[in-house]
Amino acid sequence: MPFGNTHNNFKLNYSVEEEFPDLSKHNNHMAKILTKELYGKMRDKQTPTGFTLDDVIQTGVDNPGHPFIMTVGCVAGDEESYEVFKDLFDPVISDRHGGYKPTDKHKTDLNFENLKGGDDLDPNYVLSSRVRTGRSIKGYSLPPHNSRGERRCIEKLAVEALASLDGEFKGKYYPLRSMTDAEQEQLISDHFLFDKPVSPLLTCAGMARDWPDGRGIWHNDNKTFLVWVNEEDHLRVISMQKGGNMREVFRRFCVGLQKIEEIFKKHNHGFMWNEHLGYILTCPSNLGTGLRGGVHVKLPKLSTHPKFEEILTRLRLQKRGTGGVDTASVGGVFDISNADRLGSSEVDQVQLVVDGVKLMVEMEKKLEKGEAIDSMIPAQK
Amino acid sequence: MSQWVIFDLFGFPYRTVLMKTNGRRYCQKPFKCEELERLVVKKSDNYVRQRGKYGAAMPFGNTHNQMKMNYSSDQEYPDLSKHNNHMAKILTPAMYERLRSKQTPSGFTLDDVIQTGVDNPGHPFIMTVGCVAGDEETYEVFKELLDPVIEDRHGGYKPADKHKTDLNPDNLKGGDDLDPNYVLSSRVRTGRSIRGFCLPPHCSRGERRMVEKLSNEALDSLTGDLKGKYYALKNMTDAEQQQLIDDHFLFDKPVSPLLLASGMARDWPDARGIWHNDNKTFLVWVNEEDHLRVISMQKGGNMKEVFNRFCTGLTKIESLFKEKGHEFMWNEHLGYVLTCPSNLGTGLRAGVHMKLPNMSKHAKFEEVLKRLRLQKRGTGGVDTAAVGGVFDISNADRLGFSEVELVQMVVDGVKLLTEMEKRLEKGQSIDDLMPAQK
């Protein structure tokens, strides 16, 4: 995988003009914001761990655009990246997160009882429900930049923390490098296994270095709660199950996440968080809650309706194919999830999904009967 | 806290460190640097004003990641237990420890050298090298790793050995009559690196663009049957692209993980391009796996003509570069210095696409190739499989033999393989044709 080997001592011998990337064919957030002047201003800076501007932007330079999504085109290598390169990140964050300002404060709410409803999404349409987020462990570089030693430490800490979970959260860790064929088959059938990233969005940022060293999957015996270690973030925490009981999924998500955080805190490893950006993750698009709550839902009719995109926008929802972030949908089944991450809380975002999916299922039913849905089109949330 | 630059005794910047102003090093744990006692520390601000050989101050991290040295060598040492490449066979934990704090003047580190070998444990068809150079000095700074890799890869070539360059095509015997019923095409390629610039795994956009600019200037002044045109990848028209594909000239963004993992595809397609002569028999790739790849090719079996053109063109290009004050990276031990240690020496791969449907199924095929010092590949290139009984047959050696010697081996070897194929077609034995080990 191409990774940014941008630690070249000769770079500064060349003028800004000579080093500035050609972004003329590019369409991502970074390319829209990074001017020559901005590049000139920041190109000799680095974070304490040595992450430079070129490291930040390499993925955006190598990946001009994407057919389905407006990509971010930049990543953080550590917590300090967002500070040292704020001249780039602040406008990117503002663009990506609906005008979020450098002075805005983010609200965290992981109290699942604040969610209204969500236990009765129609399982004839809603095939599965899932909530995921990421967490970064303070004091370590992030996946684009961390060394093998750092990555292994993160794995060790994660495994220790997860091993102490009990009750519905009791489970087991499967490191990628020593997985048996049988275990691998099982994890694939359960739709749990993540493999070496092939998306150039990820590989160009250096996240796949040393694969599969330090990577693994932990899940509970019930197979409803899982943690990915050292994939796109230090930890990805996922709660999922078949059917439409999003409330239960979110309950387990909040309870599990808070248990994990407590254990980490006890060992003096907090999660990266601040009151402006919320939870700090590798990709600026995941700042704030880092939460993607979604369902796989059958919308063959609604998805071909001319107002489908408009409805999603108004409901503050996003569609994806069932293979993940940069795939197309198959058989009229869509992955529908919250579009926002920053500026609203976890409860707010899951509420949007619950309410929005309920409405879209009603619309699908109407369209099935050949009825119009014009009166149901929602206001902008 | 301020940034200080440490210089070695030659005045080359060696590494940067963060230091508190009272001079005590800021690190959670002190890191070992055996040469530190011999080095002189100067504050980086001063260095900006001095403008030494390597130019302005470098406030970049000197290792890829400043946190690395806080972890023990054991914690950082890669897991090579499932690996089968040259680097993995040679890099012990003790060697890793000795080399991990070093860097070349341009900032290339051990981890940079080995990343591709860590990320690519092995390959079904070939024993890969698993390490790359980021600049000319890599082969010196990391000689402890690269010398044994070179020795393993190049048939026991020792650190004290000298390499011979011979680009006089008149020294080639024969080679103009390989049977075109079997030999579909002939090709000779090599690479060249321009001294003073980092190599593709490590070069910055500015450096890469300069390499492109210098190459264009040199190629523009070629005349006669070498006169040609440059097609930059980033503004190629669809028509031009289609033509280059039809001519089998176009190279595209590498997909081989061997190349990608070393960072060669960064900023694609910026400053990459293809130059070829009007006759379409001589082409130069700019900024693909090396600064320059020079290729002479044509249909049929007249390897002599291909090699003539190759030598003439290459020599002309070299003198054009020299006129402008730029030489190719070369030394008398390693010959021409290229990105991959497997291409040191001549950097030359001379080969043919030839039909060997019977020979390739013969039990002794591999043995014959080995004795002839030849190598087989699929017709798609280095890590592909053969299609339709057509193989790419080329010299296996690069270092320790001259260009003429290597092409001679291909010419002689291909002639013999053709004879063998013809025998097998007739159902006859080839035992009496088995060659001795060259």
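What you see below is based on every heavy atom in this structure, not just the backbone, and it leaves out hydrogens, waters and symmetry mates. In what follows, chains carry the letters A, B, and so on, assigned in the order in which the sequence lines appear, proteins first and then strands, with residues in each chain numbered from 1.
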query: Which class fits the ring pair W273(A) and Y279(A): parallel under 30°, tilted 30 to 60°, perpendicular over 60°?
result: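 W273(A) and Y279(A): perpendicular rings.
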State whether a side-chain donor-acceptor pair under 3.5 Å links [X] with [Y].
X: S81(B); Y: D79(B); answer: yes
X: E289(B); Y: T339(B); answer: no
X: D74(B); Y: Y96(B); answer: no

task: Sort F20(A) into side chain, backbone, both or neither according to what part of it lies under 4.5 angstrom from a heavy atom of chain B.
output: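 It is the backbone, since no side chain atom gets that close.
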query: Which atoms of R177(A) come close to chain B, meaning under 4.5 Å heavy atom to heavy atom: side chain ones, backbone ones, both, or neither?
result: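 When you check distances to chain B, atoms from both the backbone and side chain of R177(A) fall under 4.5 Å.
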message: Using modelled atom types and a 3.5 Å cut-off, is there a donor and acceptor pairing between side-chain atoms of D62(A) and backbone atoms of D267(B)?
response: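 Looks like yes, one N/O pair under 3.5 Å.
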- request: Please name all residues satisfying salt bridge (Lys or Arg N to Asp or Glu O under 4.0 Å) with E18(A), sequence neighbours left out, ordered by chain then number.
  value: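 With sequence neighbours excluded, E18(A) shows a salt bridge (Lys or Arg N to Asp or Glu O under 4.0 Å) to no residue whatsoever.
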query: Given the options K234(B), E207(B), R208(B), which has more heavy-atom pairs under 4.5 Å with chain A than any of the others?
result: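 Of the options given, most contacts go to E207(B).
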- prompt: Quick one: what part of D135(B) sits under 4.5 Å from any heavy atom of chain A, side chain, backbone, both or neither?
  reply: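 The answer is neither part of D135(B).
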query: Where does I114(B) contact chain A at under 4.5 Å (heavy atoms): side chain, backbone, both or neither?
result: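 Just the side chain, heavy atoms under 4.5 Å.
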message: Nearest 0.5 angstrom please: D54(A) CG to M42(A) CE, how far?
response: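 Rounded to the nearest 0.5 Å, the CG-CE separation comes out at 10.5 Å.
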task: Report the option among T47(A), D22(A), N146(A) that has the most heavy-atom pairs separated by less than 4.5 Å from atoms of chain B.
output: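 Winner by heavy-atom pair count: D22(A).
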query: Taking non-hydrogen atoms and a cut-off under 4.5 angstrom, which of residues 77-84 of chain A neighbour chain B?
result: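 Those residues of residues 77-84 of chain A which would need a heavy atom under 4.5 Å from chain B do not exist here.
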message: Quick check: closest heavy atoms across D87(A) and K41(A), and the distance to 0.1 Å?
response: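 Taking D87(A) first and K41(A) second, the nearest heavy atoms are OD2-NZ, 2.7 Å.
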- request: Check Y140(A) against C153(A) and note the closest heavy-atom contact, atom names and distance.
  value: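 That would be CE2-CB, 3.7 Å.
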